[in-house]
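Only one structure is covered here, and it is reproduced in the block below.
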Amino acid sequence: MKRKFLEDLGLEADVVEKIMIESGKDTTALKVKVDDLTEQLTVKDTTITEKNNKIAELEKVDVEVIKTEQFNLGKAEGSKEFENFKKSNALNKALKGFKVKDPELIKPKLKLDQIEYEADGDEFKVSKGLEEQVNPLKESYGYVFENDNPLPEFTGDIKPPASNNTITKEVFKKMSYKDRVALKNEQPEVYENLRNE
């Protein structure tokens, strides 16, 4: 509303001023509301444009190519794991050739990256790098290897007497290994006393 329009109606200046102030309040509120709505529309337009750009980028992606790539990647990793499994079996077999009782006990002592393999049909076999590592371990970790030396055999006719009082040190020394084990299991205190004399 224009001030001149109100003055032409013959209204007093004081009344015109009050009308203009009140009209300004309404106009300001409407202008703020219009500005707010305009800003919301701008934000929505920007968001829509961004989403449309992302959709356009995604439409360029060939899902079949990604599927094929992922399949081939999985296949390659599975093949690598299967190859590692075969190499582990080849190493176990080679360690058995060195008379290792349990390959898992000796593997942590080996530098596995220095062991070379060669294909043997569908399998692998160790070609280099194992013997140089295993032979020194035989001295340090002999308990892990089978021993070619026969176990000692104890022989003798002496049986432990039924009474604890009649076993002497001489009788104990002549007892067979088997008889000593039996004495240890049946009479551990007597066994310890005789062993420590």
With E17 via salt bridge (charged side-chain N to carboxylate O under 4.0 Å, His left out) - residues at least two apart: R3
Pair K107-S88, side chain to side chain contact (heavy atoms under 4.5 Å, CB included): steps then yes or no: CA-CA 10 Å; K107 278 184 184 179; S88 179; 3.1 Å; yes
Cut-off 3.5 Å, no hydrogens considered: what does the side-chain donor-acceptor table look like for residues 31-38, sequence neighbours left out?
unit_1, atom_1, unit_2, atom_2, d
D36, OD2, Q40, NE2, 3.2
T38, OG1, V34, O, 2.7

Side-chain donor-acceptor contact under 3.5 Å, T168 with K173: no
K128 atom NZ, over 12 foreign heavy atoms within 6.0 Å: no
Spatial distance of atom CG (L183) from atom CZ (R180) [nearest 0.5 Å]: 9.5 Å
Distance (rounded to the nearest 0.5 Å) between K51 NZ and N53 CG: 11.5 Å
Remaining members of the apolar cluster that contains L105, side-chain heavy atoms under 4.5 Å: L91, L95, F98, V100, I106, L110, L112, I115, Y117, F124, V126, L130, V134, L137, Y141, Y143, V144, F145
From CD (E50) to CD1 (I55), nearest 0.5 Å: 12.0 Å
Verdict with supporting geometry, K80 and E77, salt bridge (Lys or Arg N to Asp or Glu O under 4.0 Å): CA-CA 5 Å; K80 186 70 176 164; E77 287 181 12; over 6 Å; no
Expected output: side-chain S23 to main-chain I19 donor-acceptor under 3.5 Å: no
Value rounded to 0.5 Å, distance of CD in Q187 from CG in N185: 11.0 Å
Connected via hydrophobic side-chain network under 4.5 Å: V15 and F5: yes
D179 side chain to M175 backbone, donor-acceptor under 3.5 Å: no
Sequence neighbours excluded - salt bridge (charged side-chain N to carboxylate O under 4.0 Å, His left out) pairs with any residue from residues 85-97: E83-K87
NZ (K99) with more than 12 external heavy atoms under 6.0 Å: no
Neighbour count above 12 (heavy atom, 6.0 Å) for E146 CD: yes
Separation between NZ of K18 and CD of E22, rounded to the nearest 0.5 Å: 11.0 Å
Nearest-0.5 Å distance, CD1 of residue I48 to NZ of residue K44: 8.0 Å
Over 12 non-hydrogen atoms of neighbours within 6.0 angstrom of NZ in K101: yes
Those residues that, when tested against E57, pass side-chain hydrogen bond (donor to acceptor under 3.5 Å, both in side chains) (two or more places apart): none
Pairs satisfying salt bridge (charged side-chain N to carboxylate O under 4.0 Å, His left out), at least one member in residues 111-122, at least two apart: E118-K125
Q133 (side chain) donor-acceptor with G129 (main chain) under 3.5 angstrom: yes
